[in-house]
**Student:** 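Provided herewith is a single structure, encoded as structure tokens, for subsequent inquiry.
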Amino acid sequence: MMGERIIEYFVPEDVGNIRADKLFASVVKDVSRVRLQKAFDSGCVTFDSAVIDKRFKIRHSGYLRASLEEVSVEEAPKGNDIPLKVVYEDDSIIVINKSSGMVTHPGNGTGEDTLVHALLHHCKGELSSVGLPDRPGIVHRLDKETSGLIVAAKTDLAHHALAKDFSERNVKKRYLALVSGVPRVQSGSCLERIGRHPTYRTKMLVQSKGREAHTDWKIIEKFLDKVSLVECSIHTGRTHQIRVHMQNLGFPLLGDKLYGFRNNSLKGIDIERIFLHATHLELVHPKTEESLVFTEPLPKDFLNLMNVLKTKYKS
């Protein structure tokens with residue numbers, strides 16, 4: 001028996017004039033063209049509730065929705081009793097301080113230890129159905145090695161409201177990162193567009209035909225000329241955005257071998273992961289419309305590495 005995966009995307013006002021199939025392909029990275037084409041051919045793709053074909057031009061904001069054949073019900077993730085650091089929870093949303101090493105949702109090569117598995121157990125299955133079967137409740141994601149704040153939706157109403165706010169850039173997100181080297185200026189902005197690498201499909205890069213991306217950054221602390229602690233505020237949510245933008249500036253994140261970090265740059269220091277932490281999350285509650293602000297301090301491994309850097313590179 002085949003399950004059904006529902007994908008919904010709130011198209012922002014500045015979409016321009018783009019074909020529906022190309023827009024879907026640009027925002028949903030884990031669905032093959034064949035499956036997406038089959039959904040269009042079966043009349044299972046809608047824009048603002050009206051069935052559309054792949055050539056339909058989207059010119060304004062609205063809800064793009066596709067119903068895709070998915071894995072069998074038996075293969076859908078089940079709850080797993082994995083400890084979670086719950087920052088906030090009510091009947092609409094749950095905010096987690098995710099540990100480094102935890103994958104956000106199931107995918108190729110993942111096990112039964114993702115955030116989705118943990119949330120299904122903790123919430124007793126009460127998560128938004130929008131991302132079923134493999135991504136219930138997931139509104140945004142953090143990379144596996146990135147630690148910090150992430151919000152999930154318990155109801156479909158909350159999911160739609162949060163997705164809209166993320167798309168319209170009403171959700172504020174700040175991160176702390178350790179980067180190789182020290183920028184010459186104290187702060188700056190990166191506005192370079194980001195797209196998928198043409199050959200290495202798991203990698204992103206700055207390219208003129210990529211999607212709009214905006215990162216503001218500033219130096220918080222320096223460790224001689226070797227390492228900087230940088231705060232990054234992102235106004236868009238592109239895949240690997242901070243990692244790509246900082247590499248493009250010439251300052252790859254510590255531990256990020258995919259984007260230019262080299263072990264020999266810090267001899268004698270063990271760099272065991274990519275040092276990026278989502279420290280600040282600000283959003284409007286989807287039900288009460290109350291403004292919620294969450295902050296999480298740096299995790300122990302992050303602080304331990306900073307202490308090593310302070311000892312080794314005293315100013």
**Student:** Distance from R193 atom CZ to L205 atom CG, nearest 0.5 Å?
**Tutor:** 13.5 Å

**Student:** Looking at every heavy atom in both V116 and R135, which two are closest together, and how far apart are they?
**Tutor:**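 In terms of heavy atoms, the two residues are closest at CG2-CA, 4.4 Å.
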
**Student:** Measuring from D113:CG to I82:CD1, what's the distance to the nearest 0.5 Å?
**Tutor:**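 One gets 5.5 Å once the value is rounded to the nearest 0.5 Å.
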
**Student:** Regarding H277 and S147, is there a side-chain donor-to-acceptor distance under 3.5 Å anywhere?
**Tutor:**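 Yes, S147 and H277 have a side-chain donor paired with an acceptor closer than 3.5 Å.
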
**Student:** Determine yes or no for a side-chain-to-main-chain donor-acceptor pair under 3.5 angstrom, with Q241 supplying the side chain and H214 the backbone.
**Tutor:**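 Checking the backbone N and O of H214 against the side chain of Q241, a donor-acceptor pair under 3.5 Å is found.
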
**Student:** Any heavy-atom pair between the side chains of V45 and F56 that's under 4.5 Å?
**Tutor:** no

**Student:** Find out whether F10 and D165 are in side-chain contact, i.e. whether some heavy atom of one side chain is under 4.5 Å from a heavy atom of the other.
**Tutor:** no

**Student:** Going by atom types alone, do E112 and N80 pair a side-chain donor with an acceptor below 3.5 Å?
**Tutor:**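 N80 and E112 do not have a side-chain donor-acceptor pair below 3.5 Å.
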
**Student:** Let me see the working for H105 and L115 under side chain to side chain contact (heavy atoms under 4.5 Å, CB included), right down to the final yes or no.
**Tutor:** CA-CA 6 Å; H105 56 72; L115 178 61; over 6 Å; no

**Student:** Are the side chain of E296 and the backbone N or O of N97 linked by a donor-acceptor pair below 3.5 Å?
**Tutor:** no

**Student:** Within a strict 4.5 Å, meaning less than it, do heavy atoms of the I58 and L64 side chains meet?
**Tutor:** yes

**Student:** Is NZ or CZ of K54 both nearer than 6.0 Å to the six-membered ring centre of F40 and within 45° of the ring axis?
**Tutor:**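 No, K54 does not lie over the aromatic ring of F40.
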
**Student:** Go through it in stages, so that I can follow the logic: the residues are I194 and H245, the test is side chain to side chain contact (heavy atoms under 4.5 Å, CB included), and I'd like the CA-CA distance, side-chain angles, deciding distance and then a yes or no.
**Tutor:** CA-CA 9 Å; I194 293 175; H245 271 166; 3.9 Å; yes

**Student:** Is a side-chain donor or acceptor of T46 paired with a backbone partner of D48 at a separation under 3.5 angstrom?
**Tutor:**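 No, T46 side chain to D48 backbone: no donor-acceptor pair under 3.5 Å.
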
**Student:** Hey, could you give me the CG/CZ distance between N248 and R243, rounded to the nearest 0.5 Å?
**Tutor:**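 It comes to 14.5 Å.
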
**Student:** Walk me through it: do H159 and V139 pass the test side chain to side chain contact (heavy atoms under 4.5 Å, CB included)?
**Tutor:** CA-CA 7 Å; H159 196 124; V139 182; 4.1 Å; yes

**Student:** Measuring from atom CD1 of I7 to atom CZ of R65, what distance do you get when rounded to the nearest 0.5 angstrom?
**Tutor:**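 So the CD1 of I7 and the CZ of R65 are separated by 10.5 Å.
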
**Student:** Of all heavy-atom pairs between I271 and L254, which one has the smallest distance, and what is that distance?
**Tutor:**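 Reported closest heavy-atom pair: CG2-C, 3.8 Å.
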
**Student:** Is the side chain of H140 donor-acceptor paired with the backbone N or O of V151 at a distance under 3.5 Å, no angle test?
**Tutor:** yes

**Student:** Is the cationic atom of R273 (NZ for Lys, CZ for Arg) positioned less than 6.0 Å from the six-membered ring centroid of F275 and within 45 degrees of its normal?
**Tutor:**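 Because its charged atom sits under 6.0 Å from the ring centre and within 45° of the axis, R273 does stack over F275.
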
**Student:** Output every pair passing side chain to side chain donor-acceptor pair (under 3.5 Å) with a member in residues 179-190, not counting sequence neighbours, ordered by first then second residue.
**Tutor:** S189-D216

**Student:** Is E8 reaching over with its side chain to a backbone N or O of A163, donor-acceptor style, under 3.5 angstrom?
**Tutor:** no

**Student:** Would you say that T279 contacts L149 through its side chain, given a criterion of any heavy-atom pair below 4.5 Å between the two side chains?
**Tutor:** no

**Student:** Honestly curious: do L229 and V308 fall in one hydrophobic cluster under the side-chain, below-4.5 Å linking rule?
**Tutor:** yes

**Student:** If you measure from CG on L253 to NE2 on H240, what distance do you get to the nearest 0.5 Å?
**Tutor:** 11.5 Å

**Student:** Would E126 and K154 satisfy salt bridge (Lys or Arg N to Asp or Glu O under 4.0 Å), going step by step from the backbone distance to the final call?
**Tutor:** CA-CA 6 Å; E126 295 297 322; K154 287 187 169 184; over 6 Å; no

**Student:** Please evaluate residues D91 and K287 with respect to the criterion salt bridge (Lys or Arg N to Asp or Glu O under 4.0 Å), reporting the C-alpha separation (whole Å), side-chain torsions for both, the decisive distance (0.1 Å), and the verdict.
**Tutor:** CA-CA 10 Å; D91 60 356; K287 186 176 180 180; 3.3 Å; yes

**Student:** On a heavy-atom basis, which atom in Q247 and which in Y259 lie closest, and how many Å separate them?
**Tutor:**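 Looks like CG-O, 3.1 Å.
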
**Student:** Does any N or O in the side chain of K98 come within less than 3.5 Å of the main-chain N or O of M102, such that one atom is a donor and the other an acceptor?
**Tutor:** yes

**Student:** Taking side chain as C-beta onward, heavy atoms only, is D301 less than 4.5 Å from E272?
**Tutor:** no

**Student:** So L127 and L119, do their side chains get closer than 4.5 Å, heavy atoms only?
**Tutor:**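 Yes, close enough: below the 4.5 Å cut-off.
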
**Student:** Can you find a pair of side-chain heavy atoms, one from S208 and one from E192, that are under 4.5 Å apart?
**Tutor:**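 Result no, sub-4.5 Å side-chain heavy-atom pair not found.
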
**Student:** Of all the heavy-atom pairs spanning E212 and R238, show the shortest one and how long it is.
**Tutor:** O-NE, 2.6 Å

**Student:** Counting only N and O atoms by type, is there a donor-acceptor contact under 3.5 Å from the side chain of T146 to the main-chain atoms of L142?
**Tutor:** no

**Student:** Measuring only between side-chain heavy atoms, which start at C-beta, is T104 closer than 4.5 Å to I138?
**Tutor:** yes

**Student:** Calculate, to the nearest 0.5 Å, the distance between atoms CZ and CG belonging to F261 and L266 respectively.
**Tutor:**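 Taking CZ in F261 and CG in L266, the distance rounds to 5.0 Å.
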
**Student:** If hydrophobic clusters are built from ILVMFWY residues whose side chains come within less than 4.5 Å, do V95 and L84 share one?
**Tutor:**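 No, V95 and L84 fall in different hydrophobic clusters.
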
**Student:** Is it the case that more than 12 heavy atoms not belonging to K203 sit under 6.0 Å from its NZ atom?
**Tutor:**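 Above 12, so yes.
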
**Student:** Before we go on, tell me: are the rings of Y63 and H160 under 6.0 Å apart, centre to centre?
**Tutor:**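 Under 6.0 Å, so yes.
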
**Student:** Between L249 and F251, which heavy-atom pair has the shortest distance, and what is it?
**Tutor:** O-CE1, 3.3 Å

**Student:** What heavy-atom pair brings I94 and C123 nearest, and what distance separates the two atoms?
**Tutor:** CD1-SG, 4.1 Å

**Student:** Is a donor on one side and an acceptor on the other found under 3.5 Å between the side chain of D256 and the backbone of I274?
**Tutor:**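 Pair absent, no side-chain N/O of D256 close to backbone of I274.
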
**Student:** Test your reading of the model: is there a side-chain donor-acceptor pair from D90 to the backbone of S92, 3.5 Å cut-off?
**Tutor:** yes

**Student:** Give the intermediate values and the outcome of side chain to side chain contact (heavy atoms under 4.5 Å, CB included) for residues V230 and L176.
**Tutor:** CA-CA 6 Å; V230 176; L176 287 173; over 6 Å; no

